[in-house]
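The structure appears right after this line, and notes come after that.
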Amino acid sequence: MIHRYDFGSPIHTGAVVRELPVSGGAIPYFMISREHDALCFSLSLDRDDIVFGLGEANRGINKRGHLYTSWNIDDGLHTESKNALYAAHNFLLIFSKTRCFGAFFDDPGLMHFDLGYTKIDEARIISENGDLTLYIIEEATPAEIVSSLRRLTGRSYLPPKWAFGYIQSRWGYRSEADVRAIVDEHRKRRIPLDGVCMDIDYMDDYMDFTVDPAGFENLSRFCGEMADSHAHLIPIIDAGVKEKKGYDVCDEGLEHGYFCTYEDGTPFVGAVWPGRSFFPDFLRDEVRAWFGSKYHRLLDAGVDGFWNDMNEPALFYSENGIKDAYEKAMRMKDMNVGIHEFFRLRAVFADMANNPNDYESFYQTLDGRRVRHDQVHNLYGAFMTRAAAEGMTAHNPDCRRLLFARSSYIGAHRYGGVWQGDNHSWWSHILLNLKMLPSLNMCGFLYNGADIGGFNGDTTEDLLLRWLQLGVFTPLMRNHSCQGTREQEIYRFSLQEKMRDIVTVRYALLPYLYSEFMKAALTDGCMFRPLAFDYPEDETACRVEDQVMLGGECMIAPVYQQNARGRYVYLPEDMLLIRFRAAGDYDCFPLQAGHHWIDLDLHEMPLFIRRGCVIPLSRGGEWVDAVDAKDLTLLGWIGADSAYAFYDDDGLSTQVSLADGLTRITVRCGEDDTSAHGGNLTLHTHKLITD
Ligand code: MIG
């Protein structure tokens, strides 16, 4: 049951796909107060209330006890105290034994979620705009609340199957030769690979939709060559459009007035990688159609995947900001600069990037109405994603393409996936990666992943190996790093064979992971869930922060501490531990419910299968298309009758249906043999554990 409450004149964010009538009567749960324009929703928190949600946000799966800010920002230092990241996913799920409800604050401006930070037993959610729609969702279980939210906000984006392959990326690949070498090194060493990301250096002078002729002589020929090697090219597209006469995107944007403008109507200028740049007003249909059509140039060359970056939008400085800074600095020039003036002077330059004043200085147009950017700030990335997705659909409506973005808002989950932004090569960021999985899933962002190995800072062999062991399960499995950091491709390390073996596990699990992803997408469910969703009566399970449920059958619990030779795991029920070393190399141990220490050498990774369940495992492959999803070995600790609903499809077409893709795999435990059936699948049962 969803109740809708409107406050002021809500901005039409496009987050919801179903128009609900406004509910009458008093608003449940929240006390509402107004301070100037801001609206505050307060909620008292019982001792046992858990607060889930907020999608791509910092800190725990249980968000209680801190302050979170919805203000999309390019900040590559995700320390524990950061309140805002790249996305605004304003959904909370309050859960305890006595109550369970969801609240989606559909407001694209600045919002604060004080979830027991100021006062430990009170949540205060503040909308600075004061214009918003609040949806309160009441269902019997957390999973049903999430499904209800998704029916309201629409079905999740479906990537092509190849997007579940291993992807290599790094800021710094600048030519065909660079990319070819990456692919060759992987193939030579039999490290599975499905794609290589092209970061900003492939562009000509950082101009979107151009290709540096010095590095990439002939993109379509090169796409063909890469396709022969079973590798997809995934170029980046940035939000800012370079100011340059003769550059079609700039010229057309100016001619038609497609860019965001200052109050006086002249185009807003901010600086990002291309230097002085304009920012397309993606909120307008015609601007999206135009910008989306620009993707066709690269699609025509054979590209079938993109990542959209810098779309918070990030601003290194603005035209006004830098003028202002110079003036301030000049004024201080002849002063006797004391320590306080020095800090002020330094801040003038340090605060130039992503400055709130700049976001208040330009305008966009939504539904024909001019709005100041800060009031709709959190929509910018979402609507860029939508532009790209609509452009790709226009290019070919029958083919799924890969698309993931940095900045997002609920609603963008219909158009693409996300990556978790500029993390660090820190052990704590393996855990942060894990914690975001269920939260992102709740908000509809099923296709997601973090930069494996860490983006900023220098990785270490053991960090990368352990991170890959989590990455095996994340839909986007991409190794990405920043220029200037230690080289991070698997083959740079002495442990490369162990790392390769872990990647082979991904391809062995691919039929299962794809099946669980698609079922989650097509039923508005979650592929990753907090343990509380599955074991709501189990107090211990409800508060676990370093293990998550995967699909209908599994639980994952990665190692995220350096030098650890294993970890403690809490099993809410009997489970079968699979300890993987490589695709065909693993052992199985039935374990009883309770706390366990699990030995896990550096090259070993755990997967837990619930007792009574069975999952399919392929023989693996060096790219997704090489994986035979019809020849499967069943893994599990089964009872008299176990079954698995296996989903598969061609991995590309947009017209998919759950019914058409499902094969029911059933297992029979006989006196002396165990047999399995499932349509035209070849099923091996020799790995099954029976009671
Ligand atoms: O200001 O394109 O998050 O993945 O490598 C940095 C260069 C811009 C930020 C992205 C990162 C990417 C980088 N970009």
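Only a predicted model underlies this, so the values are computations on that prediction, with no experimental measurement involved. Just follow the structure's listing: the first ligand is 1, and inside any ligand the first atom is 1.
Separation of the Phe282 and Tyr380 ring centroids falls under the 6.0 Å cut-off. Ring-centre distance between His78 and Tyr86: below the 6.0 Å cut-off. Phe278 and Phe259 have their aromatic ring centers within a separation under 6.0 angstrom.
For NZ of Lys498, the number of neighbouring non-hydrogen atoms (other residues, nucleotides, ligands) closer than 6.0 Å is 12 at most.
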Inset, instruction - Starting from the C-alpha separation in whole Å, work towards a yes-or-no answer on side-chain hydrogen bond (donor to acceptor under 3.5 Å, both in side chains) for His89 and Ser408. - result: CA-CA 8 Å; His89 300 154; Ser408 60; 2.8 Å; yes
Inset, instruction - Would you sort out whether Arg500 and His186 count as a side-chain hydrogen bond (donor to acceptor under 3.5 Å, both in side chains), showing the intermediate values? - result: CA-CA 9 Å; Arg500 177 203 52 209; His186 283 77; over 6 Å; no
Report each N/O pair between ligand 1 and the protein that falls under 3.5 Å, naming both atoms.
from, atom 1, to, atom 2, distance (Å)
ligand 1, 1 (O), Trp273, NE1, 2.9
ligand 1, 2 (O), Asp199, OD1, 2.5
ligand 1, 3 (O), Arg406, NH1, 2.9
ligand 1, 3 (O), Asp422, OD1, 2.5
ligand 1, 3 (O), Asp422, OD2, 3.4
ligand 1, 4 (O), His480, NE2, 2.9
ligand 1, 5 (O), Asp199, OD2, 2.5
ligand 1, 5 (O), His480, NE2, 3.0
ligand 1, 14 (N), Asp309, OD2, 2.8

